[in-house]
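What follows is a set of notes on a single structure, which appears directly below.
Counting starts at 1 for both ligands and their atoms, following the listed order.
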Amino acid sequence: MKFNRRQWLRSAALTGGASFISGLGIIPQLSAEEISKFNPRPLNELARLSSNENPYGPSKRVRDRMFKSFDDGCRYPYSYQNELLDKLAEREGVPKDHIVITGGSTEALKVAGITFTRNGGEIIASKPTFLAMMSYAQMWGADVNWVDVDENLQHDLTEMQKRISPATKMVFLCNPNNPTGTLLPAAAFEKFCRETSKHTTVFSDEAYFEFIEEPNYPSMVKLVKEGENVIVSRTFSKVFGLAGLRIGYIVARPDLAHKIRENVVAFTNVLALEAAKESLDDKEFFDFSLRKNKEAKDSIYQTLNDLNLRYLESHTNFVFFESGMHIDQFLQKMRDEGVMVGREFPPFSKWCRISTGTPNEMERFTKAIRSVYV
Ligand SMILES: Cc1ncc(COP(=O)(O)O)c(C=O)c1O
């Protein structure tokens, strides 16, 4: 496989060296106030850096709101969604009928997949990418037309477009992509979605959208607003730190939103709805999460630079790097040192995805990976 060397970051200059206390890649410890407000995970025997969770949260503010809603645990959640729908409609700049709340965005992906392929047909998707939609749709009889990522491990938009046929029911695009962390150039992304949506439904998985630092990077909600055949999914699991509560949402044209809404099964629950509402107003936690994620990501870059391991610039809360040994072997070695890393993402068997963690978890990671390569 050929790689464009510009895609690889090796320079310490790019890694925000100011946030490091030492060459070990140790980042500033949290203050007592940050610990009480932002609920960092304590350092466990096994640092969980395998699922791209936010190691902080729920924040004190969100926990307080959830405590208050305990008493409503005897109620069905449906009427509790109205205030959240209002907030999300305002956030996305669309009327409420464009929003579908789901049990995590995983439910959004699964439900959208079967809504559009249950009578057969195929989904076009990159390999590797986030699999929830495709795995589920395949169980219901859909085909998946896999398109390998290009030599820069980026979505191959040209090839994806070429594969569109009458059998295509959906094109799935995860941007930034999981597990690569890559972000499509804004103009190419928008052009692809706009053109493709004339032929089939485009699904834009924007689980990591909030981590994008490029100014004015477009969400495909822009095309939803223009009435295009585009569906966008977002989640409260990442920057908002609510992965365990299971809440996400879809933004789509009302006719598409309606079809998807009819197939929602899990939906979500009262505590998650209350938490999500509060988290949208908790700007302090949001900014803190982004800042800590950047520091942790810089510390991962620094460590990989020191070890001369290649990696991709990430626009998310994880980094994909070439470990140079089969992931099963690498995963076990890291586990022995108290760190859980991501699973295999075929065909990249000698690559590893590592999520950002707290300063203590990052220090554990740094020591663990150094010990693997001594
Ligand atoms: C790209 C992508 N989409 C969706 C999800 C699902 O997240 P959730 O179901 O927690 O919203 C994930 C989780 O890792 C993801 O990486």
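Residue contacts with ligand 1: Ser105 is placed with a nitrogen or oxygen under 3.5 Å of a nitrogen or oxygen of the ligand (distance criterion only). On a distance-only criterion, Tyr208 and ligand 1 share at least one N/O pair closer than 3.5 Å.
Considering Pro176, Gly104, Cys174, Ser51 only, the shortest heavy-atom separation from atom 1 (C) of ligand 1 involves Cys174. Nearest-residue assignment for atom 6 (C) of ligand 1 (options Asp205, Leu109, Thr106, Ile247; heavy-atom criterion): Thr106.
Scanning all heavy atoms of the two residues, the minimum distance from Val224 to His98 falls at CG1-CD2, 3.9 Å. Of all non-hydrogen atoms in Phe236 and Phe240, the two that sit nearest each other are O-CB, 3.4 Å.
Aromatic ring centres of Phe172 and Phe130 lie farther apart than the 6.0 Å criterion allows.
Of all the atoms in ligand 1, the ones that sit under 4.0 Å from a non-hydrogen atom of Arg246 are 8 (P), 9 (O), 10 (O).
A salt bridge does not link Lys68 to Glu274: none of the charged side-chain nitrogens sits closer than 4.0 Å to a carboxylate oxygen.
With a heavy-atom cut-off of 4.0 Å, Glu107 does not touch ligand 1 at all.
In terms of the salt bridge (charged side-chain N to carboxylate O under 4.0 Å, His left out) criterion, Asp97 has no residue partners (sequence neighbours excluded).
Classified by interplanar angle (parallel below 30°, tilted 30° to 60°, perpendicular above 60°), the ring pair Phe320/Phe345 is perpendicular.
Summary of contacts: the protein heavy atom closest to atom 14 (O) of ligand 1 is Lys238 NZ, 2.7 Å. What sits closest to atom 10 (O) of ligand 1 on the protein, heavy atoms only, is Ser237 OG, 2.5 Å.
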